[in-house]
Amino acid sequence: MANPLDTDAGSELFSSYEAEFKLVQADLTQKLDQIPELTGEPRKAAISAAERALEEADELLGQMRLEKQNIPSASRPKINQRFRNFETDVDSYKRKLRSLASDRAALFGSRYTDNPTPTDVQLEQRQQLLSGTDRLERSTQRLRSSQALANETEAIGAGTLADLHAQRERIAHTGQVLYESEGYVDRSVKTLRGMARRMATNRVITIAIITVLVILIFAVIYSKFR
């Protein structure tokens, strides 16, 4: 049986990734729209920034792919459709970015050559290093967010377990009270039965006394008229 807490946590985490993806998507779209207007170093910087945003979008898709398995089956078809739309958008962004990056004349401007100079190689290496650093920072931030959500879910679970334990103790106490009440009822029934027996005995004695008195009265009357 699925744990409701796990299900709720999975849904919330997926929604968090989805919201973050939409922000990255908007930023990526803006960057891709700006690239055709740039040349030279600004264009290279814009392409590198778009690549970093695209990598972040890929990472978020991977996280959503894992988390959507925790979504209830009834809601999963809609989630899958949205997820496929996101994948289609990312593929479109990749094709567009490859097309923009392949325009080397626009990329290098008047310095375009098929053999990159040492300065270009060093710049590309620095950009790759910065890109890796940015990805690491974003991944670290997402891990922190996931850890915070996991801690919150754990706290909710602990509170729920504490409530269940308290309810169990109340139920046990109620059962004990019912058991004691049953004992009181049994003793009351025995007392009532004893009283009923005594009342029956007293009734028999009373009838016997009345019978004897009636006999004595008849005997006295008979002796007077004999």
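The analysis underlying the following values was restricted to heavy atoms, covering all of them including side chains, and did not include hydrogens, waters or symmetry mates.
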Atom of [X], atom of [Y] and distance for their closest heavy-atom approach:
X: A53; Y: V24; value: O-CG1, 3.3 Å
X: K31; Y: A49; value: CE-CB, 3.5 Å
X: L97; Y: E51; value: CD2-CG, 3.5 Å
X: A101; Y: I47; value: CA-CD1, 3.9 Å

Can you measure from [atom1] ([X]) to [atom2] ([Y]) and round to the nearest 0.5 angstrom?
X: S15; Y: E67; atom1: OG; atom2: CD; result: 10.5 Å
X: L60; Y: K22; atom1: CG; atom2: NZ; result: 13.0 Å
X: L192; Y: R197; atom1: CG; atom2: CZ; result: 11.0 Å
X: F21; Y: Q63; atom1: CZ; atom2: CD; result: 13.0 Å
X: Q69; Y: M64; atom1: CD; atom2: CE; result: 13.0 Å
X: D33; Y: L100; atom1: CG; atom2: CG; result: 9.5 Å

For S99 and R95, indicate whether the former's side chain and the latter's backbone hold a donor-acceptor pair under 3.5 Å.
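Pair absent, no side-chain N/O of S99 close to backbone of R95.
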Answer yes or no: is there a donor N or O on one side and an acceptor on the other, between the side chain of N202 and the main chain of R198, under 3.5 Å?
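Checking the backbone N and O of R198 against the side chain of N202, a donor-acceptor pair under 3.5 Å is found.
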Does either side chain, that of E169 or that of H165, offer a donor lying less than 3.5 Å from an acceptor on the other one?
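A pair is found: one side chain offers a donor N or O, the other an acceptor, under 3.5 Å apart.
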With a 4.5 Å cut-off on side-chain heavy-atom distances among I, L, V, M, F, W and Y, is there a chain of contacts connecting I205 to L213?
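Both belong to a single hydrophobic cluster.
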Under 4.5 Å between side-chain heavy atoms, counting indirect links through other Ile/Leu/Val/Met/Phe/Trp/Tyr residues: same cluster for F218 and I210 or not?
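F218 and I210: one cluster.
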Can you give me every donor-acceptor pair (side chain of residues 79-93, partner residue at least two apart or in another chain, under 3.5 Å) with its distance?
{"unit_1": "N80", "atom_1": "OD1", "unit_2": "K68", "atom_2": "NZ", "d": "3.1"}
{"unit_1": "N80", "atom_1": "ND2", "unit_2": "R76", "atom_2": "O", "d": "3.3"}
{"unit_1": "Q81", "atom_1": "OE1", "unit_2": "R84", "atom_2": "NH2", "d": "3.1"}
{"unit_1": "Q81", "atom_1": "NE2", "unit_2": "N85", "atom_2": "OD1", "d": "3.3"}
{"unit_1": "R82", "atom_1": "NE", "unit_2": "E18", "atom_2": "OE2", "d": "2.7"}
{"unit_1": "R82", "atom_1": "NH2", "unit_2": "E18", "atom_2": "OE1", "d": "3.1"}
{"unit_1": "R82", "atom_1": "NH2", "unit_2": "E18", "atom_2": "OE2", "d": "3.4"}
{"unit_1": "N85", "atom_1": "ND2", "unit_2": "Q81", "atom_2": "O", "d": "3.3"}
{"unit_1": "E87", "atom_1": "OE2", "unit_2": "R65", "atom_2": "NH2", "d": "2.9"}
{"unit_1": "T88", "atom_1": "OG1", "unit_2": "R84", "atom_2": "O", "d": "3.0"}
{"unit_1": "D89", "atom_1": "OD2", "unit_2": "Q25", "atom_2": "NE2", "d": "2.9"}
{"unit_1": "Y93", "atom_1": "OH", "unit_2": "Q25", "atom_2": "NE2", "d": "3.3"}
{"unit_1": "Y93", "atom_1": "OH", "unit_2": "T29", "atom_2": "OG1", "d": "3.2"}

Of all residues at least two apart in sequence or in a different chain, which pass the side-chain hydrogen bond (donor to acceptor under 3.5 Å, both in side chains) check with D186?
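D186: no side-chain hydrogen bond (donor to acceptor under 3.5 Å, both in side chains) contacts found.
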Evaluation steps, side chain to side chain contact (heavy atoms under 4.5 Å, CB included), between N70 and L13
CA-CA 10 Å; N70 296 326; L13 192 55; over 6 Å; no
Taking the side chain as everything from C-beta on, heavy atoms only, tell me whether K96 gets closer than 4.5 Å to I35.
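No, too far: nothing below the 4.5 Å cut-off.
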